[in-house]
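Below is one structure, written out as structure tokens; the observations come after it.
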Amino acid sequence: MPTHETMPTTATQQLDQQVHATLAKMNSSLSVASALLAATDWALHLAASPGKCLELAQLAQRQAAELAGYAVAAAAAGTTPATPTTAAAPAPLVQDRRYAAEHWQHWPYNVWQQAFLQGEQWWQAATQGVWGVARHHEEQVAFATRNSLDMFAPANLWWANPEVLRATLDQGGANLLRGASNALRDWQQQWLPQQRLPQQPAAADDLQVGRELARTPGKVVLRNELIELLQYAPAAGQVHAAPVLLVPAWIMKYYILDLSAHDSLVNYLVQRGHTVFCISWRNPGPQQRMLGMDDYLQQGWYAALDAVSSIVPQQRVHAAGYCLGGTLLSIAAAAMARDGDDRLASLTLFAAQVDFSEPGELGLFIDESQLAVLEAQMAERGVLPAEQMAGAFQLLRANDLLWSRMTRQYLLGEAPRRNDLMAWNADATRMPAEMHTQYLRRLFLNNDLADGRYPVRGTPVALSDIGLPAFMVATETDHVAPWRSVYKFHQHSRGDITFVLCSGGHNTGIVSPPGLPHRQYRIHTHAASDHYLPPEQWQAVAHQHEDSWWPAWQAWLAERSGPQVAPPPLGNASHPPLADAPGQYVMEK
């Protein structure tokens, strides 16, 4: 294992590490032992639960009768019957768009999809509520079953998908030929990236960093082993006095906050008179394998804050962190509060967790067995590969990110969708072995930060020391940082908290400029003196608004940013401009 405390020191320990690393290569970096333990726990307890088995048998019998009646009515009507003769057939989930097309309402496709949805319901009942099964194992089995079923959904089968069959008839099979070409291109990009097909560029090739993306003007004013600090040029003669420092996650490139001009949160702030700084994390290689969380704190956060305080002196800083960047920022804010460092004016967290007691579906991949596999693999490579992290996120949203994409591109023959967010999503990064192990163990597995055991400079920090006004944004359909988990910050901070729950997912909810259709958010401020509100009660009292939450945050910042002043220079004598934004670290592959 790559951590200092667990580094193999004997030949036998090194042998174990090598075996685990080999198993990781054979099993897509997933722990077979963890999966078997979960399946065995579930199967043995189900076998010892005759009442649950009887309940499942009754459910299967009832579903069979309902499906038979539905099939007869559908065959007679030729389409989905308006008033089925039996109990209502199962309907697709609200977020399940696989069966939204009108073709699915005609016989026999409506019967196939209803049979599949009933199967999903049966397996959901079978994997949940079994006496004696550990919660982690129950969630693992339910997740694995759901993903296995999704592989064989009618929407993914060319002979069962009416949209694909219609396209094939209408186009004489041309859609399948284009799909084969798309599949070849994807295979070539994954396994032979130097020989990319020129006639069909990938989605990310059309949009280039520094040209269409990450194009807000600015300068690199700091560069060290881990970060470049970008300072953006003012857009007006007067700016708000207090600067804003953005701390993005290091899982992906920083420019999700500076996409194309319309989708750029950085540009939005600059255009409204804010002096904006942003950390650009280095894409680490094996030579940075021993960089840990302390390095990300010291060479990342504190180095950036020192530079901002030097360039804009005598002003407190508005700090905003996204995802892991927000977690790191919370650790730093707690340490600064403990140490009497009062350089922060406020704290903003975008889809960031500080309490990992209920981390959502990512927690399915975090247990001792799984970490042993990951740590052995990272000890060999020195980093967590970019494609491995991307694969984990694809598993969490397989319907949207995997199966529906394959249906569109391989069966319908559609060209890859191209937009700035998808280009950013394809620009994945690696993570140092030491940092990733510490992050997974200390935060996800042990929940050290929320429980007051996370050390900074040798002494644990307490989130309860944070008294800064906070602005928090969570998203309704976030699979990475579920909003109720993000909301737990209310149980730890003693400052005022303005909490926003917006539509969208982990990325689309944050990249939400004004003017996009179907966007809304709820907002409510919890004063430090108020009693705690559970999430459901917060939803009841929060005010709902249409459109983007960006203006609400910008107004919140402006109220706390002092009078308008002349903009500061780009850099200073201690931190002279080194290069134009977006810098060189963001270009590293």
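This one's a predicted model, so the numbers in the text were calculated from it and none came from an experiment.
Remark: Y296 engages W250, W281 in a ring-ring contact (aromatic ring centres under 6.0 Å, His included) (not counting sequence neighbours). Qualifying side-chain contact (heavy atoms from CB on, under 4.5 Å) partners for P482, counting only residues two or more places apart in sequence or in other chains: Q353, S485. With sequence neighbours left out, A337 forms a side-chain contact (heavy atoms from CB on, under 4.5 Å) with D465.
Closest non-hydrogen pair, R430 versus K589, comes out as NH2-O, 3.1 Å. Closest approach of L557 and S346 over heavy atoms only: CD2-OG, 4.3 Å. Taking all atoms of both residues into account, the shortest heavy-atom contact from T475 to L501 is C-CD1, 3.9 Å. Between P248 and I279, the closest heavy-atom pair is CG-O, 3.1 Å. The nearest pair of heavy atoms linking L349 to G326 is CD2-O, 3.5 Å. For the pair P582 and L230, the tightest heavy-atom approach, listed with the atom from each and the gap, is O-CD2, 3.8 Å.
Two rings, from F350 and W549, have their centers less than 6.0 Å apart.
In this structure, C323 SG and N507 CG are separated by 8.5 Å, a value rounded to the nearest 0.5 Å. The structure places CG of L329 at 15.0 Å from OH of Y322, a figure rounded to the nearest 0.5 Å. Atom CG of L213 and atom CG of L421 lie 10.0 Å apart (nearest 0.5 Å). Distance check, rounded to the nearest 0.5 Å: NE2 of H524 to CG of L533 gives 5.5 Å. To the nearest 0.5 Å, atoms CG (L443) and CD1 (I366) are separated by 10.5 Å. Distance check: I251 CD1 to L324 CG gives 4.0 Å after rounding to the nearest 0.5 Å.
For the pair S548 and R519, the minimum side-chain heavy-atom distance is 4.5 Å or more. Looking only at side-chain heavy atoms (C-beta outward), R316 and D342 come within less than 4.5 Å of each other. Looking only at side-chain heavy atoms (C-beta outward), S264 and V270 stay at 4.5 Å or farther from each other. Contact check for L291 versus Q299: side-chain heavy atoms found under the 4.5 Å cut-off. The closest side-chain heavy-atom distance from F489 to L347 is below 4.5 Å. The shortest side-chain heavy-atom distance between M290 and P432 does not fall under the 4.5 Å cut-off. Between S493 and S464, the closest side-chain pair of non-hydrogen atoms is not below 4.5 Å.
Inspection of the Q584 and R282 side chains reveals no N or O donor paired with an N or O acceptor under 3.5 Å. For the residue pair N283 / T429, no side-chain donor-acceptor distance below 3.5 Å is found, with atom types taken as modelled. A donor atom on one side chain and an acceptor atom on the other are found under 3.5 Å apart for S561 and H318. Of the N and O atoms on the side chains of Y232 and N267, not one donor lies less than 3.5 Å from an acceptor on the other residue. Side chain to side chain, S357 and N447 fail the donor-acceptor criterion of an N or O pair below 3.5 Å. Under the 3.5 Å distance criterion, with hydrogens and angles disregarded, no donor-acceptor pair is assigned to the side chains of H526 and D496.
D306 has a carboxylate O that lies under 4.0 Å from a charged side-chain N of R343, or vice versa, which qualifies the two as a salt bridge. Salt bridge D186/R405: present, at least one basic N to carboxylate O contact under 4.0 Å. Classification of E414 and R178 as a salt-bridged pair fails, no side-chain N sitting under 4.0 Å from a carboxylate O. In this structure, R441 pairs ionically with E375, as a charged nitrogen and a carboxylate oxygen lie closer than 4.0 Å. A salt bridge links D448 with R453: the closest approach of a Lys/Arg side-chain nitrogen to an acidic carboxylate oxygen falls below 4.0 angstrom.
S309 contributes a side-chain N or O that, together with a main-chain N or O of L305, makes up a donor-acceptor pair within less than 3.5 Å. Formation of a donor-acceptor pair under 3.5 Å by the R560 side chain with backbone atoms of W556 is found in this model. For the pair T437 (side chain) and E434 (backbone), a donor-acceptor distance under 3.5 Å is absent. Of the possible donor and acceptor atoms, none in the side chain of D339 sits under 3.5 Å from a partner among the backbone N and O of M336. R289 contributes no side-chain N or O that, together with a main-chain N or O of V383, makes up a donor-acceptor pair within less than 3.5 Å. Distance alone, capped at 3.5 Å, is enough to place a donor-acceptor pair between the H490 side chain and the Y487 backbone. The main-chain N or O of D294 is never found under 3.5 Å from a side-chain atom of Q298 such that the two would form a donor-acceptor pair. The backbone N or O of S310 lies less than 3.5 Å from a partner atom in the side chain of N572, making a donor-acceptor pair. R272 contributes a side-chain N or O that, together with a main-chain N or O of Y268, makes up a donor-acceptor pair within less than 3.5 Å. Judged by distance alone, the side chain of S503 and the main-chain N or O of Q520 form a donor-acceptor pair under 3.5 Å.
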**Request:** Take K488 and E358 through the salt bridge (Lys or Arg N to Asp or Glu O under 4.0 Å) test and state the conclusion after the steps.
**Result:** CA-CA 9 Å; K488 288 180 180 293; E358 296 177 307; 3.0 Å; yes
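The environment of CZ in R522 is crowded: more than 12 heavy-atom neighbours from other residues, nucleotides or ligands sit within 6.0 Å.
The aromatic rings of F499 and W483 sit tilted, their planes meeting at an angle between 30° and 60°. Between F471 and W553, the ring planes are tilted. Angles from 30° to 60° get that label.
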